[in-house]
Amino acid sequence: MRRGRLGAAKTSTTALVDAEFLENGAARLRSGGWRAALELEPLNLALQGDSERTRIWRRYRQMLAALPGPVSLYCLSKPRDWRPPPPSSSTFPAAAADSAFQSDLVRDRLIQHQRHLLVIWADPPLSPGAGMTALLGRGRSGRPAVDLDQRCLTVGAGLERVGLRSRRLDDGQWLELLQSWTGGRSGRQPATFASWLAPGRAEVGPRRLLVDGRSVRSLVITGYPRRVGLGWLAPVLLAPPCDLRLVEHIYPVPKLASLSHLRRRIRSFETSLQVDHLRGQRPDRGTETALGDALELEERVLMEEEHLFQMAIGMTLEAGSDGQLERAWHQLVGRLAELGCSAVPLTHRQADGYRMTMPLGADPVGWGRDMTASALATALPFIRAGLSTAEGVLLGPSLVSRELVVVDPFSSRNPNFNIIVLGTSGAGKSYTSKLLATRLGLAGCRLHCLDPVGEYQGLARLLGEAVVELGMRPGSGLNPLGPPGHGNGPAEVAQRAAASMPVLERLAMGRAEEGLLAEELAETLEEALLQILGRQPGSARLTELVAELDGMGARLLAGRLRHFTQGPDAGVFDGSLPLAGVISLSRVRRDRERLLPAVMQMVLLHLEAELSGSPELPRLILVDEAEVLLSSARSAVALEGLSRRLRKLGAGLLVVSQVVEDFLNSEVGNVIIRNCHTKLLLRQEEVAIPALRRAFGLSPAECDLLRDAEPGSGLVLVGRERAAFAAAA
Ligand SMILES: Nc1ncnc2c1ncn2[C@@H]1O[C@H](COP(=O)(O)OP(=O)(O)OP(=O)(O)O)[C@@H](O)[C@H]1O
Ligand SMILES: [Mg+2]
């Protein structure tokens, strides 16, 4: 008796899962078909202009027309209220204030976890003879008769042309996705493959399913709007009222079948008109128009300018309770009605509805309607308007949707942890950088900041970081002979000398020398430096170098360097403070324009040495006014090198610059941009827009946004994803 009841419960939930097993990146369904899944990075249509939208639509239509077989497109969406993460340390009074501010700001806004999938079908051929030959002797239970891998490549290439990057899911990734998005449980001892994915309990009712205590209801779209533009599903996809799974099952209709179907339609219209004629009635206008349309379509299908499909759109809503489900349901149906769609709930077929939207490429409902490729291509489901990661820091609300923009520069999935902020003067670069640094700092990231004008001291106080003001007192400066190395061998000494030379050359340069120290002077300087570093590898100072030069009879060089060991600027280059926290360079006054790039380069070198000595994670090095470093070839290369090396130290750079051209017009600048996974573009001057458009692939709408952006507003680009945001603190 007991066994029987348990058995019955198991069947009822495993029957909700169509997969028999996964093997080599392909799922075998109970029906005998095989499926492969591609995960996609969606497009942000809200930031595209009309011509881009048309281009996307045209390419997507081409991709659909070239489909080798049926596919299912999924958009899985979980909207969540955003709660600021609890501050990692309660010692900062600012943490509580910022947390309260964020809670206020985000009221009525949401973050969405979204995944986009395209599942490719390969069903066994209908003819039994052909099926048997194709299936015999291939794999554990027969690999698909068609080459699923080849189909994935073809479809992936088509998607790439649309601008949608895709990756094939392997068994583990697919299983994990199915478990997390369909409520399947991994904890249970699985008896069959399906029980890995089946929910624990399911209760089937006529109007809703109860799956593990959550209320679920599915619908299919039965009527479509007459006039639509690309992405017309956006109001549903971009702000779903609760967890939503949307599927588009797409079946290409072969040319011959399309033509015979169209001819049947044409014949029926003609017969109807003939009947009108025989009855002596005026021909029906609607039938005449439909006949004209069908004839034109027949012509286009014949010429292969148009393709016919069957498409079914289904949606499954999932909410915490029946009450929530009802509210979300009315909201969704209302939204669909506003779009001009009609939808029917799958009453008495809720289990089929649940299976229809599970990302496995099964369509037990089979409720499609005819559609041309042109119409089908407008229902592109791979879209999003925001950019919100599950973890990370809040940048602010999106400018184009109800979503919040949340970025996670230190996500382990990022190829690097670097951030670049570009914008014209007064665009809010420092404001936005301080905001990012504060929120990262409150979440546990250690901050080091290169502050040329002394505007980050407040931030240091807020985060409890040290402030180092170079040259404030004698001995409170930077040792231009380099950071203490980890070794004292000849190789380390040579390395230290090479690192120190750019700064020393700058210090030793006379007014007449344009950017380069005369060769023989540079040689003498290097010789003295190597001598002194060889004798006292850890403790050599500038004063000792001056004495060494004096000893060698190089009075000119010694005289020039003495300006920095005596007098008002003596403190800046005397000392070997551990550099940490905010390093203010506002006291570098003497020959500031000329010296700053070398000093900043030296500070970065010291910081890198400090970072490699301590394994604390994660850390951010903020470099404001980075255009100073770009102004000298040597310091630009140093910054570029650092942007490559920092990831290994668990650290990221935050590069802030107002001179966009310096970055875009130089090789090194471009490499630095490429090395920054997270990019923030704030207001830009008109003259910089064309270069930015080319470098970042901006659409006209995005360019307009950057032209007119308010301080602290702009675009954030993370990998290929982007969002328009307004920084708020
Ligand atoms: N999101 C914002 N909300 C309110 N005020 C802002 C915002 N962003 C910037 N501001 C204000 O705009 C002004 C300019 O900002 P900020 O100093 O950050 O600009 P910047 O781009 O760093 O300029 P510069 O290139 O001169 O360093 C400041 O007064 C700042 O307070
Ligand atoms: Mg600034």
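Order of appearance sets the numbers: ligands from 1, and atoms from 1 within every ligand. As the structure is a computational prediction, the values presented were derived from the model and not from experiment. As a basis for the values below, the full set of heavy atoms in this structure was taken, side chains included, without hydrogen atoms, waters or symmetry mates. Residue numbers run from 1 in the order of the sequence given.
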- Note on the structure: The closest protein heavy-atom partner of atom 26 (O) of ligand 1 is S425 OG, 3.3 Å
- Item | Q331 side chain reached by P240 side chain, heavy atoms, under 4.5 Å | no
- Is the closest side-chain donor-acceptor distance between E469 and S584 under 3.5 Å? no
- Message: With heavy-atom distances below 4.0 Å as the criterion, list the atoms of ligand 1 near G712.
- Response: 1 (N), 8 (N)
- Quick one: does L682 get a heavy atom under 4.0 Å from ligand 1? no
- Message: Can you classify the ring geometry of F382 versus H116 as parallel (below 30°), tilted (30 to 60°) or perpendicular (above 60°)?
- Response: perpendicular
- Message: Tell me the protein heavy atom at minimum distance from atom 12 (O) of ligand 1, and give that distance in Å.
- Response: P711 CB, 3.8 Å
- Query: Does K429, backbone or side chain, put an N or O under 3.5 Å from an N or O of ligand 1?
  - Reply: yes
- N/O/S of S425 less than 2.8 Å from the Mg ion (ligand 2)? no
- Residues D624 and P452: closest non-hydrogen pair is O-CG, 3.5 Å
- Message: Regarding D50 and R53, does a basic nitrogen lie under 4.0 Å from an acidic carboxylate oxygen?
- Response: no
- Message: Less than 4.0 Å from atom 7 (C) of ligand 1, is there any heavy atom belonging to the protein?
- Response: yes
- For L654, the option from V623, I621, V421 that meets side-chain contact (heavy atoms from CB on, under 4.5 Å): V421
- Query: Would you find a donor on one side and an acceptor on the other, under 3.5 Å apart, between the side chain of N416 and the backbone of R647?
  - Reply: no
- Message: Does either side chain, that of S398 or that of E403, offer a donor lying less than 3.5 Å from an acceptor on the other one?
- Response: no
- Message: Counting only heavy atoms closer than 4.0 Å, does ligand 1 sit against the backbone of T424, its side chain, both, or neither?
- Response: backbone
- Query: In the protein, which heavy atom is nearest to atom 15 (O) of ligand 1, and how far is it?
  - Reply: G428 CA, 3.6 Å
- Task: Could you establish whether G423 and ligand 1 come within less than 4.0 Å of each other, counting only heavy atoms on the residue side?
- Result: no
- For salt bridge (charged side-chain N to carboxylate O under 4.0 Å, His left out), just list the numbers for E702 and R693, CA-CA rounded to whole Å, side-chain angles, deciding distance to a tenth of an Å, and then say yes or no. CA-CA 9 Å; E702 288 167 331; R693 201 187 59 223; over 6 Å; no
- Message: What protein heavy atom lies closest to atom 14 (C) of ligand 1? Include the residue and the distance to one decimal.
- Response: G426 O, 3.8 Å
- Looking only at protein heavy atoms, what sits closest to atom 22 (O) of ligand 1 is S430 OG, 2.7 Å
- Protein contact to atom 30 (C) of ligand 1 [nearest heavy atom, distance to 0.1 Å]: Y431 CD1, 4.2 Å
